[in-house]
Amino acid sequence: MVQVNENEYRLKFFLNNNYNRKICQVCQTPFWTKDKERNVCADIPCTDYYFFDLNIKSPPLTVREARQKFLKFFEKKGHTIIPPKPVLARWREDLYLTIASIVDFQPFVTSGIVPPPANPLVLSQPCIRLEDVDNVGVTFGRHLTTFEMAAHHAFNYPDKQIYWKDETVELSKEFFVEEIGIPEEELNYKESWWEGGGNAGPSFEVTVGGLELATLVFMQYEIKDGNYVPLKLKIVDTGYGVERIAWFTQKTPTAFHAIYGNLVYTFFNKIGAPLVDDELLKTAAILAGRIDPDKPETIKRHREEVAKKLGLDLKYVDQELTRAARVFQVLDHTKTIALMLADGLVPSNSGEGYLGRLLIRRALRVLRLLGSDIKLYELVKEQIEYWKEDFPQLLKNKDYILDVVNLEQERFNETLSKISLTASSLSRRKEISVDDLVKLYDSNGIPPDLLVEEIRKINPEIKVEVPYNFYGLVAKRHQTVPLKDTKKEKLPKDVIDLAENLPPTKKLYYEDQYKRSFTAKVVSVYKNYLVLDQTTFYPEGGGQIGDTGIIKDEKGNTYQVVDTQKVKDVIFHILDKEPSLKEGDEVYGEIDWQRRYRIMKHHTVTHVILSAARKVLGEHVWQAGAEKTPQKGRLDITHYKLPTEEEIKKIEDLANYIINDRRSVRPLIINRTEAEMKYGVSIYAGGVPEGADVRLIEIKDWDIEGCGGTHLSNTSEIGALKIINVEKIQDGVIRLEYVAGDVVAQYARQEEDKLKEISRQLSTSPEQIEVRLKRFLEEYKEKEELLNQYRKMMLQEIENISKKETVNGVTIYIINLFDEELRKEAMRKLTMNQKSIVVNISNKGNNNVVEIATSNDLRVDKIIEALRREGGKGGGKGTYGSITTQLNVDKIVNTIKSTINNGI
RNA sequence: GGGCCGGUAGCUCAGCCUGGAAGAGUGCUCGGUUGGCAUCCGAGAGGUCCCGGGUUCAAAUCCCGGCCGGUCCA
């Protein structure tokens, strides 16, 4: 940690209100309090939870009430309430999940590029953090995967100060004292330091009765090369734990009771787990601060302490708390699952989607350990019911959520079905190592606890143990040096460097998307890369490939533009050869319009299809990638199963309806914050653009999304759409390929040509191709049967066909069969009788390949050895061998005979 | 984004480490047993060992590349 100047924390507010700076006797952290007697920071693990014993004025608050109280209070204090963002941070390219309220404003607001939606503002942001997923339940509410972070933010610009440290601390004091009714002496402001996302600053943790109720962060530094550089934009970033406030006021046995109310009992009931005594749970919760998640043995100790304090049998306590912890874990996970899916997460085996699958599988595993056969979706349904007013998106996407949970359960069952097979094969061993368990879990997803349970059923004696830190060991297997992001650049490095010093190119294709030609001045020429002051050549971006065309100079030279690329705002025309141009020359440019127009059709139709897919498949559909070329369009969408043919037809029909409905298409450029507030984060489906303003493409009453591409001005120009291919490219991602406009005709022609070619090869007409093919296949089968009959005949006669000699009581058959199938059968048949050897000699290039088989009372070894001595190469084992040799047939046979003569 | 595991008969898989004739169970077909079913007995059909390349006299097996599936981690 950095050496922090003490004055950062020495606020006027503290000094004027008789707060004292103390040092915690346990953790040595300085903190501020009005209580002269206090010498511990009132935070776990320096103390146990003792807020149960505090007298506060507030009535018990549910999560919703706590949230409302917070929002209303800060609204009263001049803050504007803004709505929360989704739990999936899709406006961020470096994060999957919304882990804090400040994430909503990164990176564009926090870096000062765009203003916040209001200033100061207040919100309650549902967040998801999976770091502590292993600790949920066993700490009885200390750790959760989802929580609401209530926050008031103030953005202080050099020319516009809102408020800073004193006001922030005072606001928090007023909220806690006046609204929650906490005696001011119980408030503690722990000095702390916060760092994240390249920023840093001092912070206070507000602790009361063992609970950290809020953190107040003052973002005032940027970390540059290890140094702290003061920020121009100083941000008040606070985070109040809504669930903690609810628990604090309700004083229920555990935080789960406070968050979920009656749902706790519903879950115990539905899962079929007997309830656990409240007094036992409360004691466990009070002492939960003593658990150190990094030291699994502390969980064991925690239970011993609970048992001791209540004078109960440890085995009983352990059993009861284990059961309760598991039910709590299911409670927590099912809420998080519902929230993730409601915001459009599609479970997958990698990327964002895996986070959903992970939680679903953890929940399913725990249900199994609880011995419950309830369907997970029934529990998720309860969560939707419980939270529907707080998070309306749950109800809106209920069908999708339940459908996915059900499907995921089925998939997990398939994985689990491997357990019994694995268990029975492992149970024969005496001992199973932890390493084996880790490998099985890592590679095959077999949960160790379930596996061991199964193995013990077969073999109770076996030595096997699942260590407490099992999942830590799994994580260790994955610790590797992170590879540098090897982004594929479309331009060589020297060209990219060149762009650094060039002015941005004026984008004529935005002024008029239909513009085909233009004149411009040369800004820079490097090899065959040409930069102009303005251009109508569209550079590759947003999935739309770069334009091609021609550029002419005043001397009458014509250059082909083979591709167009950009580096930031500098556009490079890539020419077919190095031009004889210099800075300042005037040139004329013209894009290949036929090509570009097709690209535009494929681009606009992509937007039409995306919305059609959302309408048909569900709101969760998100663009995972796209490419538009003159030949076809390609759109990758997130969806949890391969769409049926019916669904694809519906999408196609719907899109064609919009095309025929002549919808206007127009670009609009608006401020990013305004765009987000108005249209939501779905405008980022195609990626997150840079800059303060975003360019949106609006198809009237149909679709709106951020896009930098060139578009038609009306959907009717698309003409027609045909989806030509649908495939699953990875778990949770479906690829659609399609053609539009006159390319549909081209595509039809291609298919027609293929059909004609096939017909030609089958010597028939396209009309009769099916009948012809059927006949053809029948004939093929008949021929094969015929061949088999001949083989059988040959086999029956094999003794007569082969050359037969007897040496030293051993019968030698010499054959020469090139049909491999027949040869093998023949060799088998002839070696059925004892004391027989079959030799097949066939020619291969200049060599003879000798295959030797014997009846099972003989061995080939000596013969092989003899032939090797004569220069052959090869080997064999038991009753079969083969060797390649230059010897002629007679020599081979003689060698074999003499070997047998000498005793085999 | 990265790691690991897998792809062999319709299905479930063994064989691969240590290269040498493609296997088991189940299902299927036929026959026997039975009043019929289950069971049992016997026979048979069924294979691009994922694809491509390399090493080798010889590749399901070893090496490299690709495709597909599973799984875990971030």
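Below, all heavy atoms of this structure are taken into account, side chains as well, without hydrogens, waters or symmetry copies. By convention in this document, chain letters (A, B, ...) are assigned in the order of the sequence lines, proteins followed by strands, and residues within each chain are numbered from 1.
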Complementary nucleotide for [N] - Watson-Crick or wobble, under 3.5 Å:
| N | value |
| --- | --- |
| B:C62 | B:G54 |
| B:U71 | B:G3 |
| B:C28 | B:G44 |

[X] [atom1] to [N] [atom2], straight-line distance once rounded to whole Å:
| X | N | atom1 | atom2 | result |
| --- | --- | --- | --- | --- |
| A:Asp442 | B:U71 | CG | C1' | 7 Å |
| A:Asn444 | B:C4 | CG | C1' | 9 Å |
| A:Glu93 | B:A74 | CD | P | 22 Å |

> Think A:Arg868 has a side-chain N or O under 4.0 angstrom from the OP1 or OP2 of B:C57?
Replying inline: no

> If you check the A:Leu421 side chain, which of B:U12, B:C72, B:G70 turns out closest?
Replying inline: B:U12

>> Within the 4.0 Å heavy-atom criterion, would you say A:Ile446 contacts the bases, only the backbone, or no part of the nucleic acid?
In response: nothing

>> Over all strands shown, is A:Gly881 touching base, sugar-phosphate only, or nothing at heavy-atom distances under 4.0 angstrom?
In response: nothing

> Which word best sums up how the rings of A:His639 and A:His620 line up, parallel for under 30°, tilted for 30 to 60°, or perpendicular for over 60°?
Replying inline: parallel

Ion pair present between [X] and [Y], side-chain N to carboxylate O less than 4.0 angstrom?
| X | Y | result |
| --- | --- | --- |
| A:Lys457 | A:Glu453 | no |
| A:Arg791 | A:Glu825 | no |
| A:Arg142 | A:Asp132 | no |

